[in-house]
Amino acid sequence: MKKVGRTLVVAATTTGLALVATGCANNVIGADGPQPGIAAQVEDTEITLDELTEVVDGLCTLQASDPSAATTSRAFAQSRILEAWVGSLVDAEFAEDRDLDVTTQNPGLELAPGWDDVDEDDRDSLRAYVEAYVFSLAVQEAAADETPDPTEYDITINPRFDAKLEDRVLVPAGDQLSVPVSGEASLETEAPTPEMLQDLPDDELCGKRPEAQEAPPIPLG
């Protein structure tokens, strides 16, 4: 993908899972969308499916190493990461169009607990995602009350996810019947409950498996 060409700053949180993206429009791609292998595209900047998977892998490794991080499903993590990444790229395009003077600091990703456990193949994509998100936060601060108009930008989402951007978040599209979408590929846009997380296999969890909650005692009278 085209990297955001700026010095990026801020001691940033690396979870990315509880973050809501900004500046996204109601866009769903059809036959004229990105080429195979592309998860999403904002103008000329592409997020590949491999990069998305690498970021999910990397962030979930960091989640598992952080005792304060909430556990979620990999499917929900993927949804929130893609949502935040697309929004960050919109902010980057907006900053370039407005010639904003945006200053950031190194996110300090290598200092995050669990960084040494992140697979080397996942690190470049993880850096790109975190830096893009950190830069978008700085853009929002620099722009003050002005926000991007997403309709000014060409935003596309791969139809395999059966999702669209609405009110700045990814929601199920439910209308791309001509595109085969598997349960594994489609995005999970609702956060899983603790009960759902307990039932997930380890390879579908993002973070540590939550401890089972004891059932309350049954009243005897």
Side-chain angles (χ1 to χ4, degrees), residues 1-4 14-17 19 21 23-64 72-93 109 118-133 135-136 150 153-166 168-190 192 200-207:
M1 63 176 284
K2 182 183 73 177
K3 300 298 188 296
V4 178
T14 59
T15 62
L17 304 182
L19 305 175
C24 299
N26 301 333
N27 300 83
V28 180
I29 69 169
D32 298 326
Q35 298 299 312
I38 302 303
Q41 185 169 339
V42 178
E43 295 295 339
D44 295 329
T45 304
E46 298 174 342
I47 301 169
T48 70
L49 291 169
D50 286 343
E51 288 170 336
L52 180 60
T53 297
E54 289 161 4
V55 173
V56 173
D57 288 344
L59 281 178
C60 287
T61 298
L62 295 180
Q63 290 281 101
T72 188
S73 67
R74 283 180 59 87
F76 184 65
Q78 177 179 255
S79 175
R80 298 308 297 271
I81 289 166
L82 183 59
E83 177 182 292
W85 207 344
V86 169
S88 297
L89 295 182
V90 170
D91 287 339
E93 292 289 344
L109 187 58
V118 175
D119 193 293
E120 289 189 5
D121 291 339
D122 299 333
R123 292 183 179 183
D124 285 347
S125 295
L126 183 55
R127 287 190 188 96
Y129 165 74
V130 172
E131 290 176 353
Y133 187 81
F135 183 75
S136 78
Y153 303 99
D154 184 12
I155 306 170
T156 58
I157 305 294
N158 193 308
R160 66 176 288 179
F161 295 122
D162 191 32
K164 62 182 178 180
L165 290 160
E166 187 173 275
R168 300 184 178 184
V169 296
L170 285 173
V171 298
D175 56 2
Q176 301 194 65
L177 302 180
S178 63
V179 180
V181 178
S182 68
E184 182 180 353
S186 59
L187 293 180
E188 185 176 304
T189 55
E190 295 292 334
L200 288 178
D202 289 344
D203 61 357
E204 294 182 21
L205 282 174
C206 184

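Just the heavy atoms: all of them, side chains too, but no hydrogens, waters or symmetry mates, feed the values below. These figures come from a predicted structure and were not determined experimentally.
L82 and A40 make their closest contact through CD1-CB, 3.9 Å (heavy atoms, listed as atom of the first residue, atom of the second, distance). Closest of all the heavy-atom pairs between S136 and D91 is CB-OD2, 3.3 Å. Minimum heavy-atom separation, A132 to S88: O-CB, 3.4 Å.
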| said: Using side chain to side chain contact (heavy atoms under 4.5 Å, CB included), reason through V86 and L89 one step at a time and then give a plain yes or no. | reply: CA-CA 5 Å; V86 169; L89 295 182; 5.8 Å; no
| task | List the steps, then state whether side chain to side chain contact (heavy atoms under 4.5 Å, CB included) holds for F161 with L52. | result | CA-CA 12 Å; F161 295 122; L52 180 60; 3.8 Å; yes
| said: Run V42 and D154 through side chain to side chain contact (heavy atoms under 4.5 Å, CB included) and show every step you take. | reply: CA-CA 6 Å; V42 178; D154 184 12; over 6 Å; no
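Under the 3.5 Å distance criterion, the side-chain polar atoms of R127 are left unmatched by any main-chain donor or acceptor of L109. Looking at E83, its side chain never comes within 3.5 Å of a backbone N or O of W85 through a donor-acceptor pair. Side-chain atoms of E46 do not come within 3.5 Å of backbone N or O of I38 as any donor-acceptor pair.
Here N158 contributes atom CG and T48 contributes atom OG1; the two are 11.0 Å apart, rounded to the nearest 0.5 Å. The distance from atom CZ of R123 to atom CG of D119, rounded to the nearest 0.5 Å, is 8.0 Å. The line from OG of S79 to CD of E188 is 8.0 Å long, rounded to the nearest 0.5 Å. Between C60 atom SG and Q78 atom CD the span is 10.0 Å, to the nearest 0.5 Å. Between the CG atom in L126 and the CG atom in L59 there is a gap of 5.0 Å [rounded to 0.5 Å]. If you take CG on D121 and CG on D50, they are separated by 10.5 Å, rounding to the nearest 0.5 Å.
Residues passing the side chain to side chain contact (heavy atoms under 4.5 Å, CB included) test with D203, sequence neighbours excluded: P201. Applying the side chain to side chain contact (heavy atoms under 4.5 Å, CB included) test to E190 and every residue at least two apart in sequence or in another chain returns nothing. Applying the side chain to side chain contact (heavy atoms under 4.5 Å, CB included) criterion to D57, with sequence neighbours excluded, gives T53, R74, D122.
Using a 4.5 Å cut-off on side-chain heavy atoms (C-beta onward), R160 and L49 make contact.
In the model, E51 has no side-chain atom that pairs as donor or acceptor with a side-chain atom of S125 under 3.5 Å.
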